[in-house]
Amino acid sequence: MTVTATTTADLRSESVRSLYDQVMARCKDADHLNGIGGILHWDQEVMMPPKAAAVRSEQMSVLVGVLHEIQTSPIQGALLDELEYRKQHEDLSVVLNPYELANIRLARKQYKEETLVPVDVAKAMAALNSKSTAAWAEARKESDFSKFAPFLEEQVKVVRQAIGYKIRGGANEEARKINEKARASLGLSETDECYKGYYQGLMNIYETGFKEDRLQVLFADLKKHLIPLIAKIKAKDFQHDNSFLCRDYDISKQVEFSHSLAKEIGFDTEAGRLDVSTHPFSGGAHPTDVRMTTRYTLSTIKNGITGTVHETGHSVYEQGRNKEYLGTPVSFSLSLGIHESQSLLWERMVGLDKPFWTYALPLLKEKFPEDTHLQAVTVDQFYLALNRVEPGFIRIESDEVTYPMHVILRYEIEKALIEGDITVSEVPTVWNAKMKEYLGLDVHEDRLGCLQDIHWSFGMIGYFPTYSLGSIYSVQIFTHAREQIPGLAEHLAKGEFEVLLRWLNKNVHQQGSLRESGDDLVFDLTGKHLDSSLYVKYLTDKYTAIYDL
């Protein structure tokens with residue numbers, strides 16, 4: 001990378017195109033470092049020796065420090081300031097296209113946020129994430145929250161520190177207003193501790209532009225409709241047979257079948273890997289190096305299949321990003337909710353529907369020819385079995401009707417935790433109480449409760465709401481896809497998944513972060529803002545038919 005401008009006079013003499021190219025050069029360097037971090041994370045989850053946890057923590061800390069230096073470089077700030085000056089005095093769209101203009105907006109936003117967080121805090125967070133993840137894995141294995149609690153205490157502390165710097169520095173006006181109002185109502189001074197509004201700031205990291213008060217309205221709507229729907233299904237006291245799913249299926253054959261599904265959907269194995277980890281995820285370094293993991297259960301074939309299809313949705317999004325702008329901010333996903341919409345679209349809209357299994361069930365039978373129970377199953381029976389509604393402990397294994405309650409539970413806990421309404425030591429008790437209230441389940445061990453998710457070990461607080469936002473986005477996007485793609489169901493029944501994938505590549509994946517929010521993207525695509533009533537209608541109509549309510 002060559003930076004030609006070094007003084008204000010030099011900057012003023014540079015062309016807009018030159019200034020832009022210099023900013024993007026630094027963004028691409030940062031992207032490569034993030035990619036290295038992605039591979040280190042994948043390695044830690046998939047194949048790193050247990051004794052390497054300490055040195056991995058140090059490696060991640062050093063890497064984040066170098067990355068922070070690039071992202072907060074005074075030169076980068078000067079270049080962005082000059083571009084802002086030019087924007088006020090000339091029409092940049094004469095020189096730059098909409099994607100390039102979005103790149104400047106995103107780079108400026110990122111620079112402001114990164115410069116507000118001291119490098120020692122950023123490095124401490126990276127080092128803690130590695131140690132905390134190892135502690136979580138050990139605590140989960142032993143089903144003992146107390147072994148993870150000290151690390152979660154530290155995560156809450158450093159996350160508050162980081163977001164506090166951003167709020168006070170003016171990077172999130174909505175969060176600042178919430179905090180200021182809370183201080184006034186409680187009679188607190190600026191030096192008094194008050195973490196109200198911090199969750200808004202954290203949520204904005206993962207779902208940019210989305211306000212928490214709107215989230216509360218959406219979640220209240222889901223509670224209002226889904227808790228009674230779950231009760232109606234339970235009152236039927238009837239379940240469709242799924243015994244053919246809950247048998248001992250050879251893991252190696254499950255892996256072969258799931259991998260074949262991922263490739264059929266469109267995952268390019270020459271630009272990615274499929275592996276196994278404790279908590280399924282998709283990551284990696286680049287669209288040409290996507291790392292996808294899932295997990296399998298001997299006693300049921302469902303979890304491995306749905307988990308793989310889910311992660312494939314994430315991975316084909318990554319592989320389908322805009323090739324022309326790779327390494328620049330606009331090429332990345334707009335939000336975690338939009339990203340999740342793609343995994344849920346493939347897992348639920350496609351993978352839990354009859355057309356998909358019209359194609360896939362014969363292939364599954366070929367993989368397990370010796371299983372006479374499976375051989376006798378029809379597509380209709382398989383569909384009904386896959387879509388059984390049964391409240392369970394594990395979020396990623398839950399059905400789509402009870403799934404939102406898992407997310408709402410986590411949202412309510414992590415908001416209370418970060419804003420100081422509960423302590424870390426109270427998490428298991430609060431978790432178990434909410435599981436009883438929302439799903440009627442008694443949690444008897446931490447592994448099935450508050451230790452099941454990896455997110456808090458990474459300090460990813462504010463992330464969980466994006467799962468339900470993704471569910472709502474997915475229904476709205478897939479409904480529009482069916483309107484736009486003639487005979488989509490017939491294509492899926494023939495295994496012609498590329499028809500849908502191409503449409504998603506064009507209308508979602510390649511759009512990247514061109515818009516300012518997920519709501520903007522959905523509105524431009526479907527003509528409607530994010531609408532939870534469409535999601536509620538989808539679930540109500542589908543499961544009223546399945547259970548003859």
Side-chain angles (χ1 to χ4, degrees), residues 1-39 63-117 119 122 171 208-209 271 284-290 317-335 505-506 508-517 520-521:
M1 180 185 71
T2 302
V3 177
T4 59
T6 58
T7 67
T8 303
D10 289 336
L11 288 170
R12 201 52 49 87
S13 66
E14 293 275 340
S15 67
V16 167
R17 172 60 61 184
S18 174
L19 293 168
Y20 171 82
D21 288 344
Q22 291 176 60
V23 169
M24 289 305 107
R26 287 183 170 272
C27 287
K28 290 178 181 178
D29 281 355
D31 178 56
H32 287 312
L33 288 173
N34 272 319
I36 294 170
I39 298 302
L63 180 62
V64 166
V66 175
L67 179 60
H68 191 270
E69 288 179 11
I70 290 176
Q71 292 177 323
T72 61
S73 164
I75 295 175
Q76 184 80 331
L79 290 164
L80 288 165
D81 285 344
E82 181 61 22
L83 282 167
E84 181 66 19
Y85 173 83
R86 301 292 182 91
K87 178 182 175 182
Q88 296 171 4
H89 292 84
E90 57 188 280
D91 184 3
L92 299 188
S93 65
V94 174
V95 178
L96 305 176
N97 66 37
Y99 285 92
E100 292 168 329
L101 291 171
N103 265 332
I104 294 175
R105 168 177 57 81
L106 293 163
R108 188 170 182 81
K109 177 177 181 292
Q110 182 184 56
Y111 180 81
K112 181 176 182 178
E113 292 184 354
E114 291 294 332
T115 53
L116 290 172
V117 179
V119 66
T208 182
H286 190 267
T288 60
D289 187 6
V290 176
Y317 187 161
E318 285 300 303
Q319 291 183 337
R321 290 197 283 126
N322 196 316
K323 302 295 188 293
E324 188 174 351
Y325 296 98
L326 290 180
T328 69
V330 77
S331 77
F332 292 95
S333 63
L334 180 55
S335 73
N505 283 158
K506 176 184 177 182
V508 180
H509 309 161
Q510 293 174 11
Q511 297 298 310
S513 292
L514 182 62
R515 276 84 172 180
E516 295 196 32
S517 71
D520 290 342
L521 173 64

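Computed over heavy atoms, backbone and side chain alike; hydrogens, waters and symmetry mates excluded. Small disclaimer: the values here were computed from a predicted structure and weren't measured.
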Test log, rule side-chain hydrogen bond (donor to acceptor under 3.5 Å, both in side chains), inputs Glu69 and Ser73: CA-CA 6 Å; Glu69 288 179 11; Ser73 164; over 6 Å; no
Derivation of the side chain to side chain contact (heavy atoms under 4.5 Å, CB included) call for Val64 and Val119: CA-CA 8 Å; Val64 166; Val119 66; over 6 Å; no
side-chain hydrogen bond (donor to acceptor under 3.5 Å, both in side chains) evaluation trace for Arg515 with Gln511: CA-CA 8 Å; Arg515 276 84 172 180; Gln511 297 298 310; 2.3 Å; yes
Stepwise side-chain hydrogen bond (donor to acceptor under 3.5 Å, both in side chains) test for Tyr317 and Asn505: CA-CA 7 Å; Tyr317 187 161; Asn505 283 158; over 6 Å; no
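Here CZ of Arg86 is found 8.0 Å from CD of Glu14. Values are rounded to the nearest 0.5 Å. The distance from atom CG of Leu521 to atom CG of Leu334, rounded to the nearest 0.5 Å, is 6.0 Å. With values rounded to the nearest 0.5 angstrom, Leu79 atom CG is found 5.5 Å from Leu11 atom CG. Between the NZ atom of Lys87 and the CG atom of Leu96 there is a distance of 11.5 Å, given to the nearest 0.5 Å. For the atom pair Gln76 CD and Asp29 CG, the distance stands at 9.5 Å (nearest 0.5 Å). Distance check: Glu113 CD to Arg108 CZ gives 12.5 Å after rounding to the nearest 0.5 Å.
No side-chain heavy atom of Leu106 sits under 4.5 Å from any side-chain heavy atom of Phe332. In this structure the side chain of Met24 reaches within 4.5 angstrom of the side chain of Pro329, judged on heavy atoms. Considering only heavy atoms from C-beta on, Glu516 stays 4.5 Å or farther from Thr208 through its side chain.
A salt bridge links Glu100 with Arg17: the distance from a Lys NZ or Arg NE/NH1/NH2 to an Asp or Glu carboxylate oxygen falls below 4.0 Å.
Thr115 places no side-chain N or O within 3.5 Å of a backbone atom of Thr72 that could act as its donor or acceptor partner. When atom types are taken as modelled, the side chain of Arg105 and the backbone of Leu514 share a donor-acceptor pair closer than 3.5 angstrom. Side chain of Arg26 to main chain of Gln71: no donor-acceptor pair is present (N/O by atom type, distance under 3.5 Å, no hydrogens or angles). Without hydrogens or angle criteria, His32 side chain to Cys27 main chain gives no donor-acceptor distance under 3.5 Å. Side chain of Gln319 to backbone of Ala271: a donor-acceptor contact under 3.5 angstrom is found. Side chain of Thr328 to backbone of Tyr325: a donor-acceptor contact under 3.5 angstrom is found.
Contact record, Leu326 with Pro287: CD2-CG, 3.5 Å, taken as the closest heavy-atom pair. Residues Ala122 and His68 share a closest heavy-atom pair of CB-CD2, 3.9 Å.
For Asn322 and Ser331, the side-chain atoms include no donor-acceptor pair closer than 3.5 Å.
Exactly one residue among Ile104, Leu92, Leu83, Val95 makes a side-chain contact (heavy atoms from CB on, under 4.5 Å) with Leu19. That residue is Leu83.
In this structure, Arg12 is positioned above the aromatic face of Tyr85, its NZ or CZ under 6.0 Å from the six-membered ring centre and within 45° of the axis.
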